[in-house]
Amino acid sequence: MARFIFVTGGVVSSLGKGLSSASLAYLLKSQGYKVRLRKMDPYLNVDPGTMSPFQHGEVFVTDDGAETDLDLGHYERFTNISAKKSDNITTGKIYRDIIGKERKGEYLGKTVQVIPHVTDRIKEFIKKDIHKEDFVICEIGGTVGDIESLPFLEAIRQFSNDIGRDKSLFIHLTLVPFLKSSNEIKTKPTQHSVKELRSIGIQPDIVICRSQHSIPLDQRNKISLFCNIPIQRVIETVDVKTIYEAPISFFKEGLDREVLKYFKIKPKKKLNLNKWKKVTKTITSKNLKEVNIAIIGKYVELKDAYKSLDEALVHGGIDNNVRINLIRIESDRLKLSNIKKNLKNVCGILIPGGFGKRGTEGKIGCINYARKNKIPFFGICFGMQMAIIEFARNELKIQKAGSTEFNKNCRPVIGLIEEWNKNGNIIKGSLKNLGGTMRLGLYPAKLQHNSLVKNIYKKNLIYERHRHRYEVNNSFRSLFEKKGMIFSGMSPNDKLPEIIELKNHPWFIGVQFHPEFKSRPLDPHPLFSSFIRAAKNK
Ligand code: GLN
């Protein structure tokens with residue numbers, strides 16, 4: 001039977017529960033165990049799909065097409081275990097299911113309550129869809145003390161009772177602040193946070209203390225004493241230079257050792273952290289060449305809005321031994337007159353995914369600049385669609401070329417498939433709701449011989465993750481190809497253009513999917529490696 005590890009957070013949010021969970025998962029996996037990571041989000045949205053990146057950062061998409069919390073991206077990058085739909089749940093989803101059942105009369109007239117109905121549903125989620133996993137690590141979003149996370153804490157308390165303490169472990173992550181004025185490390189917030197957790201019946205087995213400085217023995221003893229935790233299970237995590245140092249640092253602190261000891265098991269395989277050490281060394285090295293990459297988007301000022309993309313670029317940098325200097329440009333602020341000035345020192349231009357009209361003309365202007373000046377260009381999803389519009393307007397001379405996403409009266413070089421597929425081959429429903437109407441998850445694309453992408457992937461068929469409603473209108477294909485923009489990746493039925501590239505350009509690629517979701521620090525995505533190589537050599 002699987003062992004369950006629950007990770008909660010206290011004192012403040014953003015302490016790195018996701019990174020801690022992901023690092024622990026990596027350490028256990030690398031010692032021969034099968035691991036699964038799950039996230040429980042206490043908010044009332046059914047999924048983060050319709051949440052603005054300003055509110056919640058990036059929406060991470062899984063192979064099976066779930067729109068999930070960005071922590072699942074960390075999980076995948078660290079462990080290389082593909083997350084599934086069943087690995088992320090929100091309060092909204094739980095309530096939707098329960099109310100649905102209630103309306104159908106499935107509760108047989110009973111009063112439907114948080115305990116036991118909501119907690120039972122959470123418990124079902126925790127153990128659903130598990131296949132011979134040795135460990136299931138469940139991260140509980142939010143901070144202990146929040147009203148929203150209470151049903152989750154109650155559910156994990158019950159769950160642990162149901163399966164037994166020898167099969168469940170509680171990890172609590174807290175902040176141990178350093179007070180400059182008194183030159184002291186303070187353990188009180190951790191004590192209070194653990195007290196709060198104990199008041200709902202959960203005694204943590206391990207406490208991870210996030211701190212700016214190493215925690216002296218005295219203070220560790222204090223935490224151990226007041227929180228009722230053996231000293232060796234007080235694990236510190238001091239701020240690291242790069243997040244990819246986290247597995248190394250947790251290993252040094254013995255987090256995995258304590259977990260295995262708790263469950264009375266031994267590593268099945270010897271751990272080797274050399275690859276992480278190499279990654280960390282490259283990222284932190286002082287004498288790396290810098291490559292300036294411009295990201296032009298709508299949410300560039302928000303740290304987590306393009307999380308996977310930022311990471312994928314870093315991975316491409318690691319693969320080429322260069323440091324990526326990201327220049328984030330707000331597309332709204334770009335005027336045709338200042339594009340040249342803004343992109344003066346740039347070696348590569350990337351336009352990421354996006355939605356809606358705002359900022360599109362600035363993006364199209366930048367693509368024109370990249371195309372004409374032979375600057376490596378990478379268009380992702382919306383970025384590819386904008387590259388199609390730019391080429392249609394300026395090379396095919398279709399002045400009114402546009403996307404029906406933001407202009408119903410344009411010539412739709414980009415559109416919903418039912419808007420341009422007259423053969424009755426409609427593969428998507430009409431747009432009544434915004435939630436659940438996208439092409440989501442893994443889809444295949446076949447690559448054209450002698451194309452740049454074929455050369456990069458070195459495969460005939462690739463699988464990448466999608467998240468979009470609109471598609472490139474394939475009926476314009478021959479016009480584009482005559483002028484030198486080829487559709488080098490197509491859906492297997494030849495209907496949906498998946499990749500475009502320019503013949504007379506050193507590196508100009510647009511992809512309808514999101515390759516960033518599949519890039520890993522230990523296994524950089526070939527498109528990002530190749531893009532950075534082109535930018536480095538510019
Ligand atoms: N808004 C575009 C669409 O829905 C692109 C989406 C994206 O970039 N992820 O097709």
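Only this structure's heavy atoms are used, side chains among them; waters, hydrogens and symmetry mates stay out. First listed ligand is number 1; within each ligand, the first listed atom is number 1.
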Chemist: Between K39 and D41, does at least one N-O distance fall below 4.0 Å, as a salt bridge requires?
Modeler: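 Counted as a salt bridge, because a side-chain N and a carboxylate O are separated by less than 4.0 Å.
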Chemist: By ring-ring contact (aromatic ring centres under 6.0 Å, His included), which residues pair with F382, not counting sequence neighbours?
Modeler: none
Chemist: Might you list the protein residues in contact with ligand 1, defined as having a heavy atom under 4.0 Å from one of its atoms, sorted by chain and number?
Modeler: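 Near ligand 1, by chain and number: G353, G354, F355, C381, F382, Q385, E405, R467, H468, R469, Y470, H514.
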Chemist: Check F513 against R465 and note the closest heavy-atom contact, atom names and distance.
Modeler: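 For F513 and R465, the tightest heavy-atom pair comes out as CB-O, 3.2 Å.
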Chemist: Applying ring-ring contact (aromatic ring centres under 6.0 Å, His included), name anything that partners Y75, two or more places apart in sequence or on another chain.
Modeler: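 None.
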Chemist: What pairs meet the salt bridge (Lys or Arg N to Asp or Glu O under 4.0 Å) rule with one or both residues in residues 380-393, with sequence neighbours excluded?
Modeler: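 As it turns out, the salt bridge (Lys or Arg N to Asp or Glu O under 4.0 Å) pairs with a partner in residues 380-393, which skip direct neighbours, are E361-R393, R371-E390.
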Chemist: For F377 and F531, I'd like to know if the aromatic rings sit close, meaning centre-to-centre distance below 6.0 Å.
Modeler: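 When the ring centroids of F377 and F531 are compared, they turn out to be at least 6.0 Å apart.
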